[in-house]
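Notes for the one structure printed next.
So that the names make sense, note that chain A is the first sequence line, chain B the second, and so on, each numbered from 1.
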Amino acid sequence: MSPHEAPLALLAELTHRCPLRCPYCSNPTSLTRPGEELDTATWARVFREAAALGCLQVHLSGGEPTARRDIAEITRAASEAGLYTNLITAGVLLNEAKLGALAAAGLDHVQLSVQDAEPGSADRIGGYAGGHARKLRVARLVHAAGLPLTLNAVVHRQNLDRLPALIALALELGAGRLEVAHVQYYGWALRNRDALLPTRAQLEAATATVEAARRDLKGRLVIDYVVPDYHAKRPKACMGGWGRRFLAVSPSGKALPCHAAESLPGFAFPNVRETSLREAWEGSEAFNRFRGTGWMSAPCQGCERAELDWGGCRCQAFALTGDAAATDPACALSPRHGLLALAVEAAAGGGEDFIWREPQRAGG
Amino acid sequence: MLTAASVPRLARGMRLREDKTRGRWVVMAPERMFIPDETALEVLRLVDGVRSLEAIAEILATRFAAPREEILADTLAMLDELAGKGVIAS
């Protein structure tokens, strides 16, 4: 028996290339160049290792995963490894032929993002003219290809008021599931926090909308709701606990306990080019550093919720306090909890302008 | 609502598969999974998009030598609940 629980899911970030420029992108602010990406054969090995380790599901993500020319081969390799394959896509590079190839390769599910329900606003947020209309066409193609569809809507101050329209859109497009995900503020989103943080009133209206829709649409549409930390009293169990359920592999092959973990200083993340996934999961210092509860200090240490929320999010703790081992300030027991209210206040006076996601210039 | 005549099937994107690492069966779903208990697993293994709910209950009643009406009511309630979660369609 291994001393660690086996991971359930692998997030495969196949590339950081993406035609969209969403200002809340979950990729690190320092993006990997195409030349550094893992090749097809290495991904195939990673999938086999993930399945052997106990993973049941792989999220094929990015960046935009379909920006890779070998996306169908990659999907086939994941499917042949026995993983449930979920494509997380912005959709704008897909067409009928590519979707057909993906379905034939064994793709199990498509998660398509939309940036808003209103086309003009959606195209502005995504930084891609005509993107929304293309997404709607692609959603219909996904449905026609017989693939199950989840619509993913990242929500924030500039689109949250159209949540009812987003729910209606999910129904209209034949999605079986809608993910309403409040922006999580690291990386790009942290840079854009003042333009994105919703007001308390917006949040309460959104939560009520979701609750009512869940009741009314039971059996027709499943709605997953990721709540925002900045109005919370208790932190989320980020990743279900560090190194406990989940691992990510970055485009250049870094094995990570969370896709944002590269933002943390002082880590040497194992690379799948040199290390097996099992060694990374079980033996690496990076995966063991925040595993369990032994690393915690007060107020987490000894807290009855320590094994429920696992101290919250390490990336958020670092981003807001400068200490990745601190209690996530989303917890009301954190001495730094006041930072969140200050951020909400600051954002209330913030403008609408974004810093769009883009690759850094050389040396930048 | 399902009835005895309904023909249940796994909804789009649902896959019943063995999880060998953990010694159990799971229904894989988009970004989630369901872990059926022993009874639910017996039912799910008979859900094939061809058999009616009544036919499934008939098989189970024979297999477990249990009253047919009781098994039908239990099967109906269980599949109805799974339908509410989007696992089962008909």
Under 4.5 Å to a heavy atom of chain B? For A:L147 that would be backbone

Which class fits the ring pair A:H156 and A:Y24: parallel under 30°, tilted 30 to 60°, perpendicular over 60°? tilted

Using non-hydrogen atoms and a 4.5 Å limit, figure out which bit of A:D108 sits close to chain B: side chain, backbone, both or neither. both

The complete set of salt bridge (charged side-chain N to carboxylate O under 4.0 Å, His left out) pairs with one or both residues in residues 69-83 of chain B, sequence neighbours excluded, reads B:E81-B:K85

When heavy-atom pairs shorter than 4.5 Å are enumerated against chain A, which of B:K20, B:R17, B:M14 gives the highest number? B:R17

For residues 57-66 of chain B, run the donor-acceptor check on the side chains, cut-off 3.5 Å, and write out each pair with its distance to 0.1 Å, sequence neighbours left out.
{"unit_1": "B:E58", "atom_1": "OE1", "unit_2": "B:R68", "atom_2": "NE", "d": "2.8"}
{"unit_1": "B:T62", "atom_1": "OG1", "unit_2": "B:E58", "atom_2": "O", "d": "2.9"}
{"unit_1": "B:R63", "atom_1": "NH1", "unit_2": "B:E42", "atom_2": "OE1", "d": "2.8"}

Answer with side chain, backbone, both or neither: which region of A:L221 has an atom nearer than 4.5 Å to a non-hydrogen atom of chain B? neither

When the 4.5 angstrom heavy-atom criterion is applied to B:R32 and chain A, the contacting part is both

Please confirm whether the backbone N or O of B:I71 pairs with a side-chain atom of B:T75, one donor and one acceptor, at under 3.5 Å? yes

Donor + acceptor pair across side chains of B:R12, A:H143 (<3.5 Å): yes

Which region of A:I88, side chain (C-beta onward) or backbone (N, CA, C, O), has a non-hydrogen atom less than 4.5 Å from a non-hydrogen atom of chain B, or is it both or neither? side chain

Is B:A11 in contact with chain A via its backbone, its side chain, both, or neither, using a 4.5 Å heavy-atom distance? neither

Donor-acceptor pair between A:H109 and A:T150 side chains, under 3.5 angstrom: yes

B:V87 versus chain A, the contacting section by heavy-atom distance below 4.5 Å: neither

